[in-house]
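Below, read A as the first sequence line, B as the second, and so on, with proteins coming before strands; counting in each chain starts at 1. The structure presented is a predicted model; accordingly, all values stated were derived computationally and were not measured.
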There are 2 protein chains.
Amino acid sequence: MLNDKSLATAPDCADCPIRHRAVCARCETDELERLEEIKYYRKFEAGQTVIWSGDRMDFVGSVVSGIASLTQTMEDGRTQMVGLLLPSDFVGRPGRSTAAYDVVATTDLVMCCFRKTPFEEMMVRTPHIAQRLLEMTLDELDAAREWMLVLGRKTAREKIASLLSIIARRDATLKTGKLEGALVFDLPLTREAMADYLGLTLETVSRQMSALKKDGVIQLEGKRHVTIPDMARLMDEAGDDADGGILA
Amino acid sequence: MLNDKSLATAPDCADCPIRHRAVCARCETDELERLEEIKYYRKFEAGQTVIWSGDRMDFVGSVVSGIASLTQTMEDGRTQMVGLLLPSDFVGRPGRSTAAYDVVATTDLVMCCFRKTPFEEMMVRTPHIAQRLLEMTLDELDAAREWMLVLGRKTAREKIASLLSIIARRDATLKTGKLEGALVFDLPLTREAMADYLGLTLETVSRQMSALKKDGVIQLEGKRHVTIPDMARLMDEAGDDADGGILA
DNA sequence: GCCGGGCCTTGATGCAGATCAACAAAAGGG
DNA sequence: CCCTTTTGTTGATCTGCATCAAGGCCCGGC
């Protein structure tokens, strides 16, 4: 599974984000070593499904590079994305054996996985892991609740602005750690995926993107390359008070 | 703070739900004793605010009786309820000192609280607490994501049916532990609170309640007293595949 | 080169739910 | 008890987004 090329592109971490995020730095070295022994890598191409809702899920893991999405689908086909997993985000649930959502690779994707059972045993022996996971889960819960406001009360234009500002912020933090001047990034989502995240149709997404472009809130080069000349302006369009949104 | 009358009404627990839920049964007795020492009770009347978003929050706790809601508000006044806290649900976040949402008592409310610092120290000493909290937080995350589907993709009628089925299920589980025959309960929410939870206006809520009544999906006696003659029918109206929704 | 299929944009039209408005029914409060 | 306030219902109208439909752009295959 381990693939040198993909690992070479892992962000800000020569090894594996679990070491930085899920397993905290305070853990004893021998525990970290044991974690090394049970970890493995999985690679997916854009569009591939990592796991289907309801399927047996015998691993937990985190995103090394690329983006995965969590989606829920109703019988009649309506779908809602309920989370966007960026590098270092955690997937899976200790203590549950089936997946609650479809997990799909939105871009090419590398994940660092641990078999669930040894990971759980390790959690029992290493309290810091549970505490670190609790912290991460609480962050995700905050992000999910933030998104409930977006879904429930914001207009289509505000929704788009919210999504762009979240991606822009997260992208800038990953790349430079700073949020200054114009922000430039490539949208990792199709219009349809944006629509699924925002509870809109792709036509509405397209129209609002055009409108934000016409109004100078964003610049578009091609369909995906975005420049945000003024982040404060964008956040204003998103209806956020200046501190803005958190990401799933 | 401790109030005999309100404690007498605590559901299924003569003492405090924390003992059952947040602190797991496996914890050593002396740890439980220590937890006893730092706990205290707070009582609120319907409509009172427990804490405002952004305020300093130096406690964590759980609901003993009554219902509290977590709400986010935009500057222009649009509000979205992001969680409904029923008896035994946990509030607060170890490791954060300010509240992220407004917490409001929707009905008369009794909470069992712990000062945050001793609770956090206790968490470090007692690994099972962190693991139990992780489990609870993951449940809440699932519930929040379930709700994202409701907010993003369901029609007004489906939203109402989803809310009713969640309340009915939770209420029945608390009271009898079973989901058989007709379910009867009192709505603990005003039409406005329902609207805030569902991302609708109160007029739409009222209309859809009337429509569901006219169609025989629910029976209404007064404004609050609800009978569900056929739970499967209601869940069908909610657009859920039979297993239905989870609650925040 | 041409063709077919993703992906995206834009236009025309329809409808679910918001908004505005009036009133009914309880629920206090003096 | 009446009066006010809160809460809920129902109607009329408006509007933002969905839906239906047509076509453009780009890329990969033949």
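Looking at residues 208-222 of chain B, you'll see that no heavy atom sits under 4.0 Å from any atom of DNA chain C.
Side chain A:R191 to base C:dG6: no donor-acceptor pair is found below 3.5 Å. Taking 3.5 Å as the limit, the base of C:dC20 and the side chain of B:E203 contain a donor-acceptor pair of atoms between them.
Straight-line distance from the NE2 atom of B:H225 to the C1' atom of C:dA26: 17 Å, rounded to whole Å.
Between B:R233 and B:E237, at least one side-chain N (NZ, or NE/NH1/NH2) sits under 4.0 Å from a carboxylate O, which counts as a salt bridge.
For the helix from C:dG1-D:dC30 to C:dG30-D:dC1, the end axes, each set by the C1' atoms of five terminal pairs, are bent relative to each other by 30° (nearest 10°).
Side-chain N or O atoms of B:S210 include one that pairs as donor or acceptor with a backbone N or O of B:S206 at under 3.5 Å.
Residues A:T204 and A:L198 form no side-chain contact, since every pair of their non-hydrogen atoms from C-beta on lies 4.5 Å or further apart.
For A:T227, the side chain to side chain contact (heavy atoms under 4.5 Å, CB included) test picks out A:A182, A:V184, A:Q219, with sequence neighbours left out.
Considering only side-chain atoms of A:S206, the nucleotide from C:dT19, C:dT9, D:dG8 that sits closest is C:dT9.
Within 6.0 Å of the CD atom in B:E192, the count of heavy atoms belonging to other residues, nucleotides or ligands does not exceed 12.
Of the side-chain N and O atoms in A:T204, one or more sit less than 4.0 angstrom from OP1 or OP2 of D:dA18. Within the 4.0 Å cut-off from OP1 or OP2 of C:dC7, not a single side-chain nitrogen or oxygen of A:T190 is found. Remark: B:T201 is in phosphate contact with C:dA18, judged by side-chain N or O atoms under 4.0 Å from OP1 or OP2.
When the nearest nucleotides of DNA chain C are assigned to A:R153 and A:R224 by heavy-atom distance, the more 5′-ward of the two goes with A:R224. Heavy-atom nearest nucleotides on DNA chain D were determined for A:R207 and for A:K223, and the one closer to the 5' end corresponds to A:R207.
Checked against B:R145 for a side chain to side chain donor-acceptor pair (under 3.5 Å), the options A:Q72, A:Q80, A:E140 give a single hit: A:E140. Tested against B:D102 for a side chain to side chain contact (heavy atoms under 4.5 Å, CB included), the candidates B:V82, B:L70, B:T73 yield a single pass: B:T73. Each of B:V103, B:T98, B:V91 was compared with B:M57 under the side chain to side chain contact (heavy atoms under 4.5 Å, CB included) criterion, and only B:V91 meets it.
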ask   = So B:R153 and A:D76, salt bridge (Lys or Arg N to Asp or Glu O under 4.0 Å) or not? Walk me through it.
value = CA-CA 11 Å; B:R153 293 302 187 190; A:D76 62 7; over 6 Å; no
